[in-house]
Number of protein chains: 2
Amino acid sequence: MAEMQDMPGHLARRFQQIAVAVFLAEVEAAGFDLTPVQYAALAAIAANPAVDQITLAGLIAYDRTTITGVIDRLAQKGLVVRQASLRDRRARELSITAEGQRTLEAITPAVEAAQRMMVRGLTKAEGKELVRLMQKAIAAGNELSRAPLREGAAER
Amino acid sequence: MAEMQDMPGHLARRFQQIAVAVFLAEVEAAGFDLTPVQYAALAAIAANPAVDQITLAGLIAYDRTTITGVIDRLAQKGLVVRQASLRDRRARELSITAEGQRTLEAITPAVEAAQRMMVRGLTKAEGKELVRLMQKAIAAGNELSRAPLREGAAER
DNA sequence: CGTTATTGATCAGTATACTGATCATCAGTA
DNA sequence: TACTGATGATCAGTATACTGATCAATAACG
């Protein structure tokens, strides 16, 4: 463990760094301007119409203070709309726009290409195993970060 | 792949997020105030006396513009010293201070505890396999980020 | 019903990462 | 040697993440 390159934490940072670079390159090559974080938020809003920001944050494990800026940028690009909820005047209900929906569909091939690209050094079986191991480690550590994953309406 | 939770890119972000949180918690519990990034830089400086910033960046795969701020903070904490090189007046030679060396040694147990904590959901064999797979994926993607790893003096 | 606790959202401040530019210096070549 | 290109470092600007605080609004409870 003495070596930096054998530490899970260092490798996590490095793999994430490459994953983001690959994502941005593929998405830009496809003619879009969207970050990995913005993409995940957009997809989650599409799948959960009228979610509020806190629930959305839980669905994709974002910090509540981070999500404000992400939504700002998605709204500024005209991909989502943020409007005050009638049931709870504190909450902002998020919905995807027609352009957001079009973008989401058009960008999907590039996103999937990026997923393949970032594990291109691995065999298919190894890629699946990497995903499984990360999922397992993440599940065990979910509560250790300030922004844990919160399943849909399960506990609400 | 349709599901967010099956995408390597999303898992990479999440695992990194947990890894950082665990690191900071362990280090703070041990009575220190050092980020994962600062720790890696400090350790690399200790192992490579009088490195310049660009070489250091390559050793730990940091962006050259990021390293400036990291060194600023390490220097402000009194852990490293930055001085102009005599051979090349553009370069800044970095060295660890006595306090930096003490800190590095004292903090190591906490850093190793953090490495174990972030894979606590995995068996020992699974943890090793996760490390191997990340290393392999990273090696194949090394050149895809702006801040690739550059081995020591190998190609200089 | 009114007080208290909780919750949704945002803000200020700090720390990575990156894009692209600039500046000084160095190296190689005509 | 003068010029050109490459290199080390830094800066401005943008985008995640997080800490901790604040504010409005809702929920819970006596």
Side-chain angles (χ1 to χ4, degrees), chain A residues 9-10 12-14 16-25 28 33-41 51-58 60-74 76-77 82-94 144-148 150 156, chain B residues 9-10 12-14 16-25 28 33-41 51-58 60-74 76-77 82-94 144-148 150 156:
Chain A
H10 183 75
R13 179 191 146 280
R14 187 79 187 98
Q16 148 78 354
Q17 188 179 37
I18 291 169
V20 171
V22 166
F23 185 102
L24 292 175
E28 190 194 343
D33 172 32
L34 213 62
T35 67
V37 162
Q38 289 165 15
Y39 168 77
V51 265
D52 61 289
Q53 296 186 185
I54 294 280
T55 303
L56 172 64
I60 47 185
Y62 287 11
D63 190 89
R64 67 181 193 283
T65 62
T66 299
I67 205 112
T68 300
V70 174
I71 300 300
D72 279 350
R73 289 180 281 277
L74 285 177
Q76 206 205 329
K77 289 176 185 176
R82 173 165 40 190
Q83 53 190 331
S85 166
L86 298 179
R87 292 179 297 88
D88 185 339
R89 278 179 301 166
R90 290 169 303 182
R92 307 271 178 275
E93 287 181 356
L94 305 171
L144 301 179
S145 81
R146 171 163 138 165
R150 297 288 177 215
R156 290 188 64 81
Chain B
H10 182 77
R13 180 191 146 279
R14 187 79 186 100
Q16 148 78 353
Q17 189 179 38
I18 291 169
V20 171
V22 166
F23 185 101
L24 292 175
E28 190 194 344
D33 171 32
L34 213 62
T35 67
V37 161
Q38 289 165 14
Y39 167 78
V51 266
D52 60 289
Q53 296 186 186
I54 294 280
T55 303
L56 173 64
I60 48 185
Y62 287 11
D63 190 90
R64 66 181 192 284
T65 62
T66 299
I67 206 113
T68 299
V70 174
I71 301 300
D72 279 350
R73 290 179 280 277
L74 284 177
Q76 205 204 329
K77 289 177 184 175
R82 172 165 41 189
Q83 53 190 331
S85 167
L86 297 179
R87 292 179 297 88
D88 184 341
R89 278 180 301 165
R90 292 169 303 180
R92 306 271 178 276
E93 287 181 356
L94 306 172
L144 301 179
S145 82
R146 171 163 137 163
R150 298 287 177 216
R156 292 188 62 81

Length of the line joining [X]:[atom1] and [N]:[atom2], which is rounded to integer Å:
X: Gln83(A); N: dA9(C); atom1: CD; atom2: C1'; value: 16 Å
X: Ile71(A); N: dA15(D); atom1: CD1; atom2: P; value: 14 Å
X: Gln76(A); N: dA15(D); atom1: CD; atom2: C1'; value: 13 Å
X: Gln53(A); N: dC11(C); atom1: CD; atom2: P; value: 11 Å
X: Leu34(A); N: dA15(D); atom1: CG; atom2: C1'; value: 12 Å
X: Asp72(A); N: dT10(C); atom1: CG; atom2: P; value: 7 Å
X: Leu24(A); N: dT14(D); atom1: CG; atom2: P; value: 17 Å

message: Test of understanding: with salt bridge (Lys or Arg N to Asp or Glu O under 4.0 Å), list the residues that count as partners of Arg73(A), not counting sequence neighbours.
response: none
Those residues that, when tested against [X], pass side chain to side chain contact (heavy atoms under 4.5 Å, CB included) (two or more places apart):
X: Asp63(A); answer: Thr65(A), Thr66(A), Arg146(A), Ala147(A)
X: Ala91(A); answer: Asp52(A), Ser85(A), Asp88(A)
X: Arg89(A); answer: none
X: Val20(A); answer: Gln16(A), Leu24(A), Pro36(A)

message: Distance check, rounded to the nearest 0.5 Å: Phe23(B) atom CZ versus Gln38(B) atom CD?
response: 9.0 Å
- line: d(Ile67(B) CD1, Ile54(B) CD1) to nearest 0.5 Å is 8.5 Å
Please write out each protein N/O paired with an N/O of nucleotides 25-27 of chain D under 3.5 Å, distance rounded to 0.1 Å.
| unit_1 | atom_1 | unit_2 | atom_2 | d |
| --- | --- | --- | --- | --- |
| dA25(D) | N3 | Arg90(A) | NH1 | 3.4 |
| dT26(D) | OP1 | Arg89(A) | N | 3.2 |
| dT26(D) | OP2 | Arg89(A) | NH2 | 3.3 |

- prompt: Taking five pairs at each end, how big is the angle between the two axes of the helix from dC1(C)-dG30(D) to dA30(C)-dT1(D), to 10°?
  reply: 10°
Qualifying residue for side-chain hydrogen bond (donor to acceptor under 3.5 Å, both in side chains) with Gln53(A), from Glu93(A), Arg82(A), Arg92(A): Arg82(A)
message: Using side-chain contact (heavy atoms from CB on, under 4.5 Å), reason through Leu56(A) and Ile71(A) one step at a time and then give a plain yes or no.
response: CA-CA 10 Å; Leu56(A) 172 64; Ile71(A) 300 300; 3.8 Å; yes
- line: Arg14(B) meets the side chain to side chain donor-acceptor pair (under 3.5 Å) criterion, sequence neighbours left out, with Asn142(A), Ser145(A), Gln17(B)
- line: For nucleotides 16-22 of chain D, 5' to 3', base contacts (B), sugar-phosphate-only contacts (S) and non-contacts (-) with protein non-hydrogen atoms under 4.0 Å give SBBBBB-
- line: Tightest non-hydrogen contact, residues Gly9(B) and Ala19(A), listed as CA-CB, 4.3 Å
